[in-house]
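Just below is one structure, and these are the notes that go with it.
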Amino acid sequence: MAAMVRRQRPRRLACWALMAVLLADLLALSDTLAVMSVDLGSESMKVAIVKPGVPMEIVLNKESRRKTPVTVTLKENERFFGDSAASMAIKNPKATLRYFQHLLGKQENNPHVALYRARFPEHELGFDPQRQTVYFQISPQLQFSPEEVLSMLLNYSRSLAEDFAEQPIKDAVITVPAFFNQAERRAVLQAARMAGLKVLQLINDNTATALSYGVFRRKDINTTAQNIMFYDMGAGSTVCTIVTYQTVKTKDSGVQPQLQIRGVGFDRTLGGLEMELRLREHLARLFNEQRKGQRAKDVRENPRAMAKLLREANRLKTVLSANADHMAQIEGLMDDVDFKAKVTRAEFEDLCADLFERVPGPVQQALQSAEMKLDEIEQVILVGGATRVPKVQEVLLKAVGKEELGKNINADEAAAMGAVYQAAALSKAFKVKPFVVRDAVIYPILVEFTREVEEEPGVHSLKHNKRILFSRMGPYPQRKVITFNRYSHDFNFHINYGDLGFLGPEDLRVFGSQNLTTVKLKGVGESFRKYPDYESKGIKAHFNLDESGVLSLDRVESVFETLVEDSPEEESTLTKLGNTISSLFGGGATPDAKENGTDSVQKPSDKGEAGFESVPPAPEEEKKQKPARKQRMVEEIGVELVVLDLPDLPEDELARSAQKLQDLTLRDLEKQEREKAANSLEAFIFETQDKLYQPEYQEVSTEEQREDISGKLSATSSWLEDEGFGATTAMLKEKLAELRKLCQGLFFRVEERKKWPERLSALDSLLNHSSMFLKGARLIPEMDQIFTEVEMTTLEKVINETWAWKNATMAEQAKLPATEKPVLLSKDIEAKMMALDREVQYLLNKAKFAKPRPRPKDKNGTRAEPPLNASASDQGDKVIPPPGQTEDAKPISEPEKETRSEPAGSEPLELGGPGAESEQKEQPTEQKRTLKNDEL
């Protein structure tokens with residue numbers, strides 16, 4: 001038994017330790033119960049949250065809209081986001097930034113940078129010589145990189161989510177286009193770091209859409225593979241994805257649904273924006289033609305006019321999707337000249353004819369990468385706002401050869417919903433139904449290295465080697481290890497993209513550098529000198545392509561092995577430690593077992609008694625030798641990384657950018673606080689000036705008091721107009737506090753008089769009901785009375801005191817003028833009501849839980865006769881003696897019911913014992929009380 005106890009104690013300790021860890025995790029999660037997703041599109045973004053009680057909900061912005069424009073306006077002293085910034089695009093187009101995600105992760109010589117300059121000539125792009133990238137030059141003192149602008153927008157999206165969730169949020173899943181390469185993905189992660197967001201995952205928007213589709217159709221997924229094509233044409237780009245759904249058997253969760261990305265095709269510049277730019281150019285040409293004979297300037301040279309035309313082109317594209325023609329009109333387009341022109345759908349389709357020819361391209365790319373045919377696709381589903389253009393649907397339907405296109409998914413919100421489901425799955429605060437996601441590598445990655453080989457004796461040459469690290473359309477997240485043999489000194493190797501032949505020449509130029517990183521290893525030679533007698537198993541490099549699709553080199557190790565013979569009488573430290581842990585948890589022999597002779601050998605008795613013979617110890621050379629084992633030694637190798645595609649921001653610059661953005665946020669908050677204080681002061685002045693002329697305020701104030709207040713209000717209003725623009729938040733709040741203190745007495749008198757009728761009526765009602773209750777309580781017969789005399793006297797006292805206080809206070813108030821501070825206060829009335837209500841509620845609760853008293857019995861065991869005026873229903877039944885017993889026989893007394901129960905194990909009282917005697921002595925008293933009540 002003692003051994004059993006000892007075995008269980010470590011297990012109990014382990015259980016307590018596990019509970020402590022779980023409790024610590026729960027406490028850590030208490031502040032991060034909500035997670036968010038940001039579907040970051042080119043033109044607009046959608047934010048979704050998950051929190052306890054709110055499963056997967058799209059966040060509404062400050063304008064109560066479900067999507068927010070990806071627009072930021074940056075001025076010297078203020079910033080605007082979303083719809084507010086979009087409205088500023090007309091007034092200040094140079095400071096209003098849109099489609100800046102197209103510049104992420106791209107150097108200055110990238111064709112997309114030149115394309116951005118051509119599309120938005122109003123923006124001045126500066127050059128960063130350190131990273132070879134561009135930045136927005138708003139003014140000589142104001143410049144921001146694309147990552148910093150994106151960070152501002154991510155911070156704004158978090159503020160929207162926090163306002164909606166009513167709690168702080170730090171964890172997020174952000175969507176990115178599937179065609180983003182390593183540099184572009186790292187740029188998004190850096191922007192999130194500046195914003196202080198913890199990115200759980202960068203999920204491809206096509207994968208998020210596929211996840212949302214599968215989650216809401218979980219019951220339709222079975223062991224039979226279903227191939228679905230998603231065609232997503234947004235504002236800036238087009239992506240076609242082939243997804244296979246089926247159930248698979250997982251190691252941890254059993255049979256679960258799975259989606260696998262099988263094929264992806266894309267066009268980086270095919271989208272709604274390009275269509276709108278074509279329309280804008282058409283409208284600008286029409287406007288110039290209308291003013292040809294007036295020697296007017298070209299409208300293209302006016303940024304504000306072009307911003308107006310782009311907004312009208314956006315509206316026109318939407319309307320022409322449902323109508324054959326529409327009238328474009330803009331008031332005061334330029335030089336106070338109005339513009340009006342009719343545009344037909346046929347003209348729009350002619351303008352974008354070459355764009356519509358590119359619609360089938362992503363479909364063919366996706367089929368080629370998936371190595372599938374169109375007849376294997378069960379359904380083609382439309383996603384993205386630009387797929388609403390009728391011509392796009394017409395060309396696509398012809399390209400895929402289906403009867404119809406699927407529109408059974410929310411084209412705008414599917415990616416946001418899928419991303420927030422993934423956020424909940426990755427967060428420790430939520431438990432969701434598992435859904436296996438197998439994303440695919442779009443761009444293959446390989447390792448290149450050169451080593452010296454001896455082709456002939458004495459003839460050495462260099463051999464260039466390539467090893468595929470992550471193949472195209474291979475699944476990720478995934479870890480890989482590459483072993484470099486035949487190296488005994490420091491060397492370098494290169495991480496580059498693999499075969500990108502599936503990209504066209506223009507796409508390759510946009511893609512940027514095909515070389516990722518040069519890895520310089522230091523310490524390889526030292527590791528060989530440290531273990532000269534060991535056999536080298538190579539230099540092992542551990543790579544990780546994480547959930548966000550970002551490649552990292554975790555570590556590089558030099559591995560050695562040798563054969564080691566262990567001494568039989570000595571145990572290794574690890575073996576001893578293992579045996580100790582095993583014995584603690586009941587896995588080894590206990591001391592009790594050894595004492596019982598399980599391990600020892602008994603010696604024979606000197607008297608020749610039977611016993612076990614002792615075994616002589618074996619000589620050293622006869623001991624059994626253990627077989628030689630392999631000993632593995634690992635030496636970590638120093639790594640120096642030279643980034644070749646796009647250098648990341650150094651940590652000090654990243655910290656400076658984060659601090660700069662934080663200062664801007666604090667400045668915005670201070671500005672909002674000042675505006676709130678100024679608005680409060682202005683509103684108080686106007687409202688109070690209006691109140692001074694209202695009868696209810698004039699009744700409780702003198703002419704002199706009103707003139708004094710009016711003069712102070714006018715003076716403060718003049719100060720606000722003349723000097724208020726330079727006033728600080730503290731000064732505005734101080735002015736408001738002075739005015740409130742001045743008007744406090746006036747407002748108090750008005751408010752009290754407003755409350756009197758309701759409060760006094762409630763007090764009168766409570767007094768009347770309490771008096772009626774007390775009168776009824778005193779009429780209860782004594783034998784049924786549940787209230788004591790003290791309780792009823794106390795209630796009566798409170799009622800009388802309340803009546804007296806009310807009458808005296810109202811009499812005193814009647815003597816005071818209305819302009820003086822009242823003595824009849826609403827808070828005093830409420831206090832009196834609470835005191836009286838407390839006494840009544842006490843008695844009501846007592847009556848609610850009181851039990852009726854049992855009727856007393858006469859000497860023969862029958863109940864006392866009821867009074868003559870009692871009804872037949874009030875009379876108790878006569879006790880009938882059992883057979884063989886006369887009525888004079890004394891029946892067995894029933895024990896009285898007691899509220900206190902007998903303790904367990906106590907013996908019951910026997911008949912005729914002390915208990916019966918005490919009961920008989922009490923009966924006459926009960927009889928007397930009954931007679932007294934009957935006499936009454």
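All heavy atoms count here, side chains included; hydrogens, waters and symmetry mates do not.
Counting heavy atoms of neighbouring residues, nucleotides and ligands inside a 6.0 Å radius, atom CZ of Arg117 exceeds 12 of them. Residue Arg268 places its CZ atom among more than 12 non-hydrogen atoms of other residues, nucleotides or ligands, all under 6.0 Å distant. Applying the 6.0 Å contact sphere to CZ of Arg119 captures more than 12 heavy atoms from other residues, nucleotides or ligands.
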CA sep, side-chain torsions, deciding dist, call: Lys106, Gln132, side-chain hydrogen bond (donor to acceptor under 3.5 Å, both in side chains): CA-CA 9 Å; Lys106 295 178 178 60; Gln132 302 293 311; over 6 Å; no
CA sep, side-chain torsions, deciding dist, call: Asp412, Arg388, salt bridge (charged side-chain N to carboxylate O under 4.0 Å, His left out): CA-CA 11 Å; Asp412 291 325; Arg388 297 187 178 96; 3.0 Å; yes
Residue pair Arg98, Glu43: steps toward the salt bridge (charged side-chain N to carboxylate O under 4.0 Å, His left out) verdict: CA-CA 8 Å; Arg98 293 173 294 176; Glu43 185 177 62; over 6 Å; no
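Checked against a 6.0 Å centroid threshold, the rings of Tyr443 and Phe511 count as neighbours. Between Phe120 and Tyr99, the distance separating the two ring centers is shorter than 6.0 angstrom. In this structure, Phe230 has its ring center under 6.0 Å from that of Tyr213.
Between the side chain of Thr318 and the backbone N or O of Asn314 there is at least one donor-acceptor pair closer than 3.5 Å. Checking side-chain atoms of His123 against main-chain N and O of Ala95 turns up no donor-acceptor pair under 3.5 Å.
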In a table with atom names and distances, give each donor-acceptor pair under 3.5 Å that connects a side chain of residues 330-338 to protein atoms at least two apart or in another chain.
from: Asp338; atom 1: OD1; to: Gly332; atom 2: N; distance (Å): 2.6

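Looking at Met45 and Ser157, their side chains come closer than 4.5 Å, going by heavy atoms from C-beta outward. Side-chain contact between Val134 and Asp128: absent, with no pair of heavy atoms (C-beta onward) separated by less than 4.5 Å. Here the side chains of Glu57 and Phe164 are in contact, with some heavy-atom distance below 4.5 Å. Side-chain contact between Ile49 and Ile169 is present, with at least one heavy-atom pair separated by less than 4.5 Å.
Legend: residues meeting side-chain hydrogen bond (donor to acceptor under 3.5 Å, both in side chains) with Thr68, ordered by chain and number and at least two apart, are Asn61. Under the side-chain contact (heavy atoms from CB on, under 4.5 Å) criterion, Glu76 pairs with Ser139, Gln141, Leu142, not counting sequence neighbours.
Between Asp163 and Arg158 there is no salt bridge, since none of the side-chain N atoms of the basic residue sits less than 4.0 Å from a carboxylate O of the acidic one.
Ring orientation note: the planes of Tyr116 and Phe136 are nearly perpendicular, at an angle over 60° on the 30°/60° scale. In this pair, Phe266 and Phe179 present their aromatic rings tilted. The plane angle is within the 30 to 60° band.
Of the N and O atoms on the side chains of Lys407 and Gln393, at least one donor lies less than 3.5 Å from an acceptor on the other residue. With 3.5 Å as the limit, one finds a donor-acceptor pair spanning the side chains of Thr207 and Asp439.
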